[in-house]
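Beneath this line is the structure, given in structure tokens, with notes to follow.
Here is how names work: the chains are called A, B, and so on, in the same order as the sequence lines, proteins then strands, and each is numbered from 1. Atom set for the values below is all heavy atoms of this structure, side chains included, hydrogens, waters and symmetry mates excluded.
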There are 2 protein chains.
Amino acid sequence: MLTIGTLSKKTGTKVQTIRYYEQIGLMPEPGRTEGGQRRYDNAQLDRLSFIRHSRQLGFSLDAIRELLDLSDHPNRPCNEADAIARRQLKQVEQRMARLKALRTELKRMVHECSGGRTGDCKVLEVLRDHSECLTEHEEIGA
Amino acid sequence: MLTIGTLSKKTGTKVQTIRYYEQIGLMPEPGRTEGGQRRYDNAQLDRLSFIRHSRQLGFSLDAIRELLDLSDHPNRPCNEADAIARRQLKQVEQRMARLKALRTELKRMVHECSGGRTGDCKVLEVLRDHSECLTEHEEIGA
DNA sequence: CTTGAACCTCTAGCGGCTAGAGGATGTATC
DNA sequence: GATACATCCTCTAGCCGCTAGAGGTTCAAG
């Protein structure tokens, strides 16, 4: 029987976050002591590890919900899980491409700033005028 | 004299977002018509473009606040602006490194999923057991 | 003078947590 | 059995950077 604190340490998830996962139905309601404290078993530890690991790989909580569901039904065909992972991979690749463009632009800005007055600071100048950019870049929703 | 809608179109910023920027003090309070509608001038258009472009480069609103402030004072030394840009560059590079590790892992997952039942789906298996991962990866706060 | 697109304010919500107040419980030690 | 104190509990509110919608007003063209 594990306390929430132990679970927290074992998975690297904050206590508050575990309770939050319970609240949104990602983690099941655990057993309680007479005094009302949560007690977990190993199945729940595994589930939280799964969630945690999926988060580290960038899956959204909704995607994780689906993945957990699939994981709970070992006889279903697994192409759904595969599709979710492929979607995630695609997203990661898109984000990388965007970051690459940003890096180029930022490097150029920093490199060209000669250290004078802000009046002729290259960094600020570039920010003022997009047309100076060599690459297209659309971050914002990343 | 530009309406908020025109400003929106010219900069690619949503109307609601412009009002939000005003609310948090990033954009100045514009003039109003007798009926109470906002009217902007070109200085404000420039300012919003600056903000928008900075956002595209991934700067936080706080960083942008600083950059705008520096931009308003052309006689200050510009190493602060440079420092902000360098910080941002560093962050971008860190995020890219993390995404790279994630991509590797996701590729491996997807590649090894042979399309059977979820019971022996490689995707789910990897999520269940972090020790199968070849690389370290810590996303989450990205 | 009428239409209707664009404007206004206000509130609430998104994802994914995180922090803090204020109090109860559990366990180790005496 | 008493005491100390770490850990637990619930609840509310906040973070970032918007976004959406309700319900109402204003502006410009025809």
Side-chain angles (χ1 to χ4, degrees), chain A residues 1-27 29-40 44 48 50-68 87-88 91 95 98 138-142, chain B residues 1-27 29-40 44 48 50-68 87-88 91 95 98 138-142:
Chain A
M1 283 300 139
L2 312 160
T3 66
I4 198 169
T6 313
L7 211 64
S8 166
K9 264 169 222 147
K10 287 208 182 203
T11 61
T13 316
K14 299 209 170 163
V15 167
Q16 295 285 43
T17 305
I18 299 173
R19 292 201 274 249
Y20 169 71
Y21 287 161
E22 179 185 332
Q23 197 184 298
I24 61 168
L26 211 56
M27 283 292 285
E29 288 190 25
R32 299 269 187 159
T33 61
E34 280 192 18
Q37 298 197 355
R38 290 168 179 82
R39 289 298 119 101
Y40 297 89
Q44 279 149 321
L48 184 56
F50 185 106
I51 295 171
R52 172 78 182 166
H53 191 196
S54 304
R55 284 295 295 140
Q56 284 177 341
L57 285 165
F59 290 96
S60 71
L61 294 184
D62 266 2
I64 294 172
R65 218 184 282 272
E66 288 184 74
L67 289 167
L68 278 168
R87 225 189 296 142
Q88 181 63 17
Q91 266 183 35
R95 281 165 72 191
R98 268 178 297 171
E138 280 283 329
E139 250 282 275
I140 289 191
Chain B
M1 284 301 138
L2 312 160
T3 66
I4 197 169
T6 313
L7 212 62
S8 167
K9 265 169 222 145
K10 288 208 180 204
T11 62
T13 316
K14 299 208 169 163
V15 167
Q16 295 284 42
T17 306
I18 299 173
R19 292 201 274 248
Y20 169 71
Y21 287 162
E22 180 185 331
Q23 197 184 297
I24 61 167
L26 210 55
M27 284 292 284
E29 287 189 25
R32 300 267 186 160
T33 61
E34 280 192 19
Q37 300 197 353
R38 291 168 179 83
R39 288 299 119 101
Y40 296 90
Q44 278 149 321
L48 184 55
F50 185 106
I51 295 171
R52 172 80 182 164
H53 192 195
S54 304
R55 284 295 296 139
Q56 284 176 342
L57 286 165
F59 289 96
S60 71
L61 293 184
D62 266 3
I64 294 173
R65 219 183 281 272
E66 288 184 74
L67 289 167
L68 278 167
R87 224 190 297 143
Q88 181 64 17
Q91 265 183 36
R95 281 164 72 189
R98 267 179 296 172
E138 281 283 329
E139 250 281 276
I140 289 191

Would you mind reading off the distance between A:Arg65 atom CZ and C:dG16 atom P, rounded to a whole angstrom? 10 Å

At less than 4.0 Å, is any side-chain N or O atom of B:Thr3 found next to OP1 or OP2 of C:dC7? Yes or no. yes

May I have the distance from B:Ile64 (atom CD1) to D:dG17 (atom P), rounded to whole angstrom? 8 Å

Within the pair A:Thr33 and D:dC8, is there a side-chain N or O less than 4.0 Å away from OP1 or OP2? no

Counting the atoms with a prime plus P, OP1 and OP2 as sugar-phosphate, which does B:Ile4 contact under 4.0 Å by heavy atoms, base, sugar-phosphate, or nothing? sugar-phosphate

Taking side chain as C-beta onward, heavy atoms only, is B:Tyr40 less than 4.5 Å from B:Leu48? no

With a 4.5 Å limit on heavy-atom distance, are the side chains of A:Ile24 and A:Arg65 in contact? yes

Can you tell me how far C1' of C:dC7 sits from CG of B:Leu7, to the nearest Å? 14 Å

Are B:Arg38 and C:dC8 close enough that a side-chain N or O sits under 4.0 Å from OP1 or OP2? yes

Choosing from D:dG17, D:dA28, C:dT18, which nucleotide comes nearest the side chain of B:Arg39? D:dA28

Between B:Thr17 and D:dG17, is there a contact of a side-chain N or O with OP1 or OP2 at under 4.0 Å? no

A:Tyr21 side chain near C:dC17 phosphate (N/O to OP1/OP2, under 4.0 Å): yes

In whole angstroms, the gap separating P of C:dG15 from CZ of A:Arg55 amounts to 12 Å

Residue mapping more 5' on DNA chain D - nearest nucleotide basis, A:Gln23 or A:Gly35: A:Gly35

Stepwise side chain to side chain contact (heavy atoms under 4.5 Å, CB included) test for A:Tyr20 and A:Leu61: CA-CA 12 Å; A:Tyr20 169 71; A:Leu61 294 184; 4.1 Å; yes

Is any side-chain nitrogen or oxygen of A:Lys14 closer than 4.0 Å to OP1 or OP2 of C:dG16? no

Quick check for you: among D:dT19, C:dC8, D:dC8, whose closest atom lies nearest to any side-chain atom of B:Arg19? C:dC8

Distance-only donor-acceptor test, B:Gln16 side-chain atoms vs D:dG21 base atoms, 3.5 Å: yes

Matching residue for A:Arg38 among A:Glu22, A:Glu29, A:Gln44 - test: side-chain hydrogen bond (donor to acceptor under 3.5 Å, both in side chains): A:Glu22

In this structure, how many angstroms lie between the P atom of C:dC14 and the CG atom of A:Leu61, rounded? 13 Å

Gap between atoms CG and P, on A:Leu48 and C:dG16 respectively (whole Å): 16 Å

I need the NZ-P distance between A:Lys9 and D:dA6, as an integer number of Å. 12 Å

Where is the tightest heavy-atom contact between A:Pro30 and A:Arg39, given as atom of each residue plus distance? CB-O, 3.6 Å

Spell out yes or no: do the side chain of A:Glu34 and the base of C:dG26 have one donor N/O and one acceptor N/O closer than 3.5 Å? no

For B:Asp62 and D:dC15, give me the distance from atom CG to atom P, rounded to whole Å. 11 Å

B:Arg52 side chain to B:Gly12 backbone, donor-acceptor under 3.5 Å: yes

Do any side-chain nitrogens or oxygens of B:Arg32 fall under 4.0 Å of OP1 or OP2 in C:dT9? yes

